[in-house]
Novice: 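Sharing a structure here in structure tokens format.
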Protein chains: 2
Amino acid sequence: MADNSGRNHVIGVDLGGTKILAGVFDPKLELLGTTKLSTKAVRGPGAVIERVARCVRDAIDECDLSLKQVRAVGIGAPGAVDPEHGEVVFAPNLEWKDVPLVKELEKLLDLPVFLENDCKACMLGVYEKELKSKPRHVVGIFIGTGIGGGLVINGELYGGTSHSAGELGHMVIDVNGPKCSCGNKGCFEVLASRQALFRAIAAAIKNGEKSVLTDMLGEDLKDLRSGDLRKAIRRGDKLVQKIVEEAAEYTGIAIANLVNILNPEIVLLGGGVIEALADEMMPAITKSAKSHVLTGTYRNVDIMASKLGDNAGITGAAVLARAKTA
Amino acid sequence: MADNSGRNHVIGVDLGGTKILAGVFDPKLELLGTTKLSTKAVRGPGAVIERVARCVRDAIDECDLSLKQVRAVGIGAPGAVDPEHGEVVFAPNLEWKDVPLVKELEKLLDLPVFLENDCKACMLGVYEKELKSKPRHVVGIFIGTGIGGGLVINGELYGGTSHSAGELGHMVIDVNGPKCSCGNKGCFEVLASRQALFRAIAAAIKNGEKSVLTDMLGEDLKDLRSGDLRKAIRRGDKLVQKIVEEAAEYTGIAIANLVNILNPEIVLLGGGVIEALADEMMPAITKSAKSHVLTGTYRNVDIMASKLGDNAGITGAAVLARAKTA
């Protein structure tokens with residue numbers, strides 16, 4: 001149909017526990033504009049899916065486009081997803097179980113919708129947009145509130161047998177370490193995520209250690225964000241520096257494990273913590289990884305921080321939508 | 001040439017730090033016979049390679065065949081290998097560095113020779129012979145003196161960027177644990193290999209704990225083997241049982257990490273320790289893996305012990321030789 005020839009744009013959506021981000025991409029995968037809404041997960045799946053649809057419509061309108069110019073929508077959702085059946089199988093931070101997200105969203109938007117796990121979507125976005133789909137094997141590590149991952153193997157996103165591959169955050173690296181929400185002790189996530197950093201800082205301050213963060217935010221560290229840690233380090237805060245360096249050390253150990261196992265060409269770090277603290281953390285992360293990897297296996301591996309930041313997820317979701325309707 | 005039509009057999013060689021094992025396989029990959037020689041690594045690479053050639057010739061003769069009936073030789077060697085250039089890059093337990101094994105062996109045997117890392121060869125053997133090449137994704141863990149691994153991804157042996165993938169033994173799982181020969185603390189290998197078991201038993205006995213092993217072998221535990229641990233447990237030895245169960249617990253944690261990362265269909269355990277102690281260890285390994293894996297990712301994964309035992313390496317080397325000359 002002549003009408004369909006104008007359907008060149010794709011939408012990428014990043015559905016998170018606190019916010020929904022939708023981005024409109026042109027045929028060259030350039031980002032034209034975004035819209036953000038809070039998720040309001042407490043209202044339940046139906047209401048959240050309606051908010052996703054509204055966020056998509058608003059983003060299209062922001063870019064002076066209409067739904068008729070859109071070919072498809074890609075969406076990255078947290079937790080265990082089943083891309084084939086378009087379902088969110090289990091997403092603790094949304095309190096979702098077996099939600100037919102794709103079917104419901106297609107009804108509301110009258111457009112084809114494609115689903116992926118959020119970290120796998122980030123990996124896809126970084127791989128195509130930032131790495132130009134060149135490296136054969138990539139390990140993507142995304143450090144935010146939690147820690148997730150995405151793997152590219154032989155030039156393709158790797159899902160494993162039941163699409164759950166890439167759960168790097170729950171790799172145990174300190175078997176006697178602090179308890180993680182997953183039930184294990186000493187997972188990578190409980191040692192190096194934003195939650196881990198914040199918990200360690202709060203505990204130290206409660207223990208009487210000094211930090212400029214209390215001057216900046218008050219004793220209760222209300223509204224503490226990753227960017228505040230960067231500001232504190234730049235103001236010479238030794239406590240925050242020490243805790244961030246410990247997290248970088250653990251991140252390096254996790255990377256060494258993954259390099260020993262998968263021998264990738266690139267280890268790509270992303271997520272909110274890395275976006276805020278790349279300058280502070282990357283040298284320590286790389287040093288720790290080098291010192292823990294097996295002799296000889298470090299050759300040929302680049303450890304780098306993504307520059308896509310918060311847009312990695314929507315970019316990857318758009319890549320997915322484009323690939324599925326090519 | 002008519003003469004070549006009879007070249008239907010392949011030889012698989014497993015080159016280890018202490019012994020060389022060569023096996024003759026018929027066109028259906030049935031094992032016709034084996035020959036074993038000690039490695040005598042102290043005599044240097046040239047002498048060892050001559051012993052490999054002799055071992056191959058002896059195996060052929062044992063089976064009442066001649067070199068003219070052999071199509072090719074596959075060989076699994078320890079450490080870092082470069083299959084493309086036929087070189088053993090670095091093998092600490094042979095004290096080899098940059099040894100052109102394939103070129104030298106081809107000169108001595110006048111047959112095409114193909115090289116692979118020993119654990120990857122084991123994986124290949126188990127995958128083709130035991131798993132009938134059916135599962136898409138397999139993690140192979142081989143527990144002997146050390147711990148190595150082999151990965152099958154999308155139905156193919158996975159080497160990674162520089163053929164060093166699968167070094168599962170040096171995955172850190174206890175960051176404050178005992179020191180490993182690789183320089184790290186708390187690697188899987190230093191917690192659950194044969195060396196780890198023997199070291200823990202020796203330390204406990206030195207500390208005054210009782211074990212039937214001293215009745216069996218004397219106070220110095222001379223010539224202790226994995227099979228002795230099985231005998232001790234069957235005689236009710238609580239110390240050996242406890243130490244073996246601890247190693248099984250660590251093995252389960254390592255498996256959970258690998259399942260979280262790679263979501264394989266099968267986790268396959270092999271090597272001397274598993275061969276000797278499968279009945280004693282497998283239930284505890286499976287229980288530990290289940291309890292440490294992320295909720296939802298355990299579905300569809302089978303944890304099983306290989307039945308090929310010591311023949312996994314020669315079988316895989318033969319698979320390689322056959323595939324390369326098909």
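By convention in this document, chain letters (A, B, ...) are assigned in the order of the sequence lines, proteins followed by strands, and residues within each chain are numbered from 1.
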Novice: Any chance you could measure A:Ile253, atom CD1, to B:Lys185, atom NZ, to the nearest 0.5 Å?
Specialist: 10.0 Å
Novice: Compare every heavy atom of B:Asn263 with every heavy atom of A:Gly159, then report the nearest pair and how far apart it is.
Specialist: O-OD1, 3.4 Å
Novice: Identify the two heavy atoms, one from B:Asn257 and one from A:Val172, that lie closest to each other, and give their separation to 0.1 Å.
Specialist: OD1-N, 2.7 Å
Novice: I need the minimum non-hydrogen distance between B:Asn184 and A:His292, along with the two atoms involved.
Specialist: ND2-O, 2.7 Å
Novice: Rounded to the nearest 0.5 Å, how far does CZ of B:Phe90 lie from CG of A:Leu294?
Specialist: 8.5 Å
Novice: Examine whether an atom of A:Leu262 lies under 4.5 Å from a heavy atom of chain B, and if so say whether it belongs to the side chain, the backbone or both; otherwise answer neither.
Specialist: both
Novice: Do you know which of A:Cys182, A:Gly149, A:Gly166 has the most heavy-atom pairs under 4.5 Å to chain B?
Specialist: A:Gly166
Novice: Taking B:His163, B:Met171, B:His137, B:Arg136 one by one, which has the highest count of heavy-atom pairs under 4.5 Å against chain A?
Specialist: B:His137
Novice: Looking at side-chain heavy atoms only, is the closest gap between B:Leu168 and A:Asn260 below 4.5 Å?
Specialist: no
Novice: The test is side-chain contact (heavy atoms from CB on, under 4.5 Å); show your working for A:Ile173 and B:Ile173 and say whether it passes.
Specialist: CA-CA 4 Å; A:Ile173 57 178; B:Ile173 58 179; over 6 Å; no
Novice: Please report the C-alpha distance between A:Leu258 and B:Ile261 in whole Å, then the side-chain angles of each, then the deciding distance to 0.1 Å, and finally whether the side-chain contact (heavy atoms from CB on, under 4.5 Å) criterion is met.
Specialist: CA-CA 9 Å; A:Leu258 292 161; B:Ile261 296 166; 3.8 Å; yes
Novice: At a 4.5 Å cut-off on heavy atoms, which part of B:Phe188 comes close to chain A: side chain, backbone, both, or neither?
Specialist: neither
